[in-house]
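Here the structure is laid out as structure tokens; the discussion comes afterwards.
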Amino acid sequence: MHIVVIGVGGVGGYFGGKIANSGQKVTLIARGKHLDAIRKNGLQVKSIDGNFVTHPFLVTDNIDTLEKADLVLICTKSWQVAEVAKLIMPILKENTVVIPLQNGADNAEKVCAVLDKKYVLGGLCRIYSKIEAPGVISHFGHSPEVVFGELDKSKTDRLQNIKEIFDKAGFKNTISEDIEVDIWSKFMFIATVSGLGALTRATIGEMYENPDVKELLEQTATEIYKIGTGKNVNLPKDLVDRIMVFISKQPYDSTASTQRDIIEGRPSELDNFNGFIVKEGIKLDISTPINGFTYRCLQPMEVKARSAKN
């Protein structure tokens, strides 16, 4: 099988690197100094589970030149998903599978808005990782896992085929019973800690141990729960409590990637996290005051970061 990984950051670099390192045919889509370093030295992954260097089948910044793909993993930021879906059209076959793995609640919807939904699975991943230097990925927390499933909850042969690929790569992976619920559960965690983390400049542990900030975390998660159920996602009634317990168990000094992006002046997924909840709340006539406050306070930094990039 030919597996194409779009975006070789913390997520695409780690999981794409693991798949390539298992001897499978992997093409990585990277750019700039990161691309040059991987071509020269291979992809270096520094991991709490063991370091390795892998040399993928191909590393390029040009999707148009690729042979057709059997599996495409979209590992860019949320705001880039729709654009990537358009770019991969030439490499799709009749049975190609496309899985978006970035944070956010509506990435599969974005892909389905561009491509025929027959190609698309829902997906998410759990990992703390980042680009440490060009060509170098650092995995520094969480046992890496990919969760994926059919959007209609059906059980198909292609799910098992993909699981075999991931099993061979050697990372935990799970076929979801209801991928929409799993995506929203992950989204509730990451959107809750990201925005407030950027506002407070605090680690997840520091936020949780502060009673006032802990209350804000819970209120943020509760608003997300109301939006999810308002969109007819079958979220468990105790999900907010479970997310708060999950937050309490994170490494004390850990921070979310979107939090780090905002603090370091890079374009972030703010609009796809707290901003998404605010906009859905307006559509559904559901009040989201904490998400709204967080979003509006961070907006000036987001505008500045995107202006600097342009």
Does [X] [atom1] have over 12 foreign heavy atoms under 6.0 Å away?
X    : atom1 : answer
D238 : CG    : yes
K130 : NZ    : no
K77  : NZ    : yes
K93  : NZ    : yes
K25  : NZ    : yes

If the test is side chain to side chain contact (heavy atoms under 4.5 Å, CB included), which one of [options] qualifies with [X]?
X    : options            : value
L43  : V136, V59, T54     : T54
L121 : I175, L159, I179   : L159
I74  : I29, I99, V11, V84 : V84

Side chains of [X] and [Y]: is there a donor and an acceptor less than 3.5 Å apart?
X    : Y    : value
Q250 : Y128 : yes
D182 : S176 : yes
E223 : T288 : no
T60  : N62  : no

Quick one: closest heavy-atom pair of [X] and [Y], and the distance?
X    : Y    : answer
P100 : N107 : CB-CB, 4.0 Å
N51  : K46  : OD1-CA, 3.2 Å
F276 : K231 : CZ-CE, 4.4 Å
M188 : L239 : CE-CD2, 3.7 Å
G122 : A108 : CA-CB, 4.5 Å
F15  : C125 : CE1-CB, 3.7 Å

Please walk me through it: do E94 and K118 pass side chain to side chain contact (heavy atoms under 4.5 Å, CB included)? CA-CA 9 Å; E94 179 63 26; K118 72 179 183 180; 2.8 Å; yes
Is the closest basic N to carboxylate O distance between [X] and [Y] below 4.0 Å?
X    : Y    : result
K40  : D36  : no
K155 : E177 : yes
R306 : E302 : yes

Short question: side chain of [X], backbone of [Y] - any donor-acceptor pair under 3.5 Å?
X    : Y    : value
H34  : V8   : yes
K163 : N173 : yes
K110 : S78  : yes
T96  : A69  : yes
T203 : Y252 : yes
H139 : G141 : yes
R126 : H142 : no
Q44  : G135 : no
D70  : H2   : yes
Q24  : I165 : yes

Applying a strict under-4.5 Å side-chain criterion to I, L, V, M, F, W and Y, I'd like to know whether [X] and [Y] cluster together.
X    : Y    : result
V98  : I63  : yes
Y119 : L66  : yes
I190 : L235 : yes
L151 : V111 : yes
I204 : L196 : yes

Once the angle between the rings of F166 and F171 is folded into 0 to 90°, is it parallel (under 30°), tilted (30 to 60°) or perpendicular (over 60°)?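 Geometry flag for F171 against F166: tilted rings.
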Run the salt bridge (Lys or Arg N to Asp or Glu O under 4.0 Å) check on R31 and D61 step by step: do they pass? CA-CA 5 Å; R31 57 187 178 178; D61 58 359; over 6 Å; no
Would you compute the distance between atom [atom1] of [X] and atom [atom2] of [Y] and round it to the nearest 0.5 angstrom?
X    : Y    : atom1 : atom2 : answer
D64  : L87  : CG    : CG    : 7.5 Å
L115 : K117 : CG    : NZ    : 13.5 Å
L199 : M207 : CG    : CE    : 10.0 Å

Evaluate side chain to side chain contact (heavy atoms under 4.5 Å, CB included) for I227 paired with W184, printing each intermediate quantity in order. CA-CA 10 Å; I227 295 299; W184 271 84; 3.9 Å; yes
Side chain to side chain contact (heavy atoms under 4.5 Å, CB included) assessment of F187 paired with N103: CA-CA 7 Å; F187 174 70; N103 295 319; over 6 Å; no
Check the pair L73 / I19 against side chain to side chain contact (heavy atoms under 4.5 Å, CB included), numbers first and verdict last. CA-CA 11 Å; L73 301 180; I19 297 169; 4.0 Å; yes
Flag the pair F140 / E132 as yes when at least one side-chain heavy-atom distance between them is below 4.5 Å, and no otherwise. no
Just do the salt bridge (Lys or Arg N to Asp or Glu O under 4.0 Å) check on E280 and K283 with the steps written out, would you? CA-CA 5 Å; E280 291 300 306; K283 292 178 187 176; 3.1 Å; yes
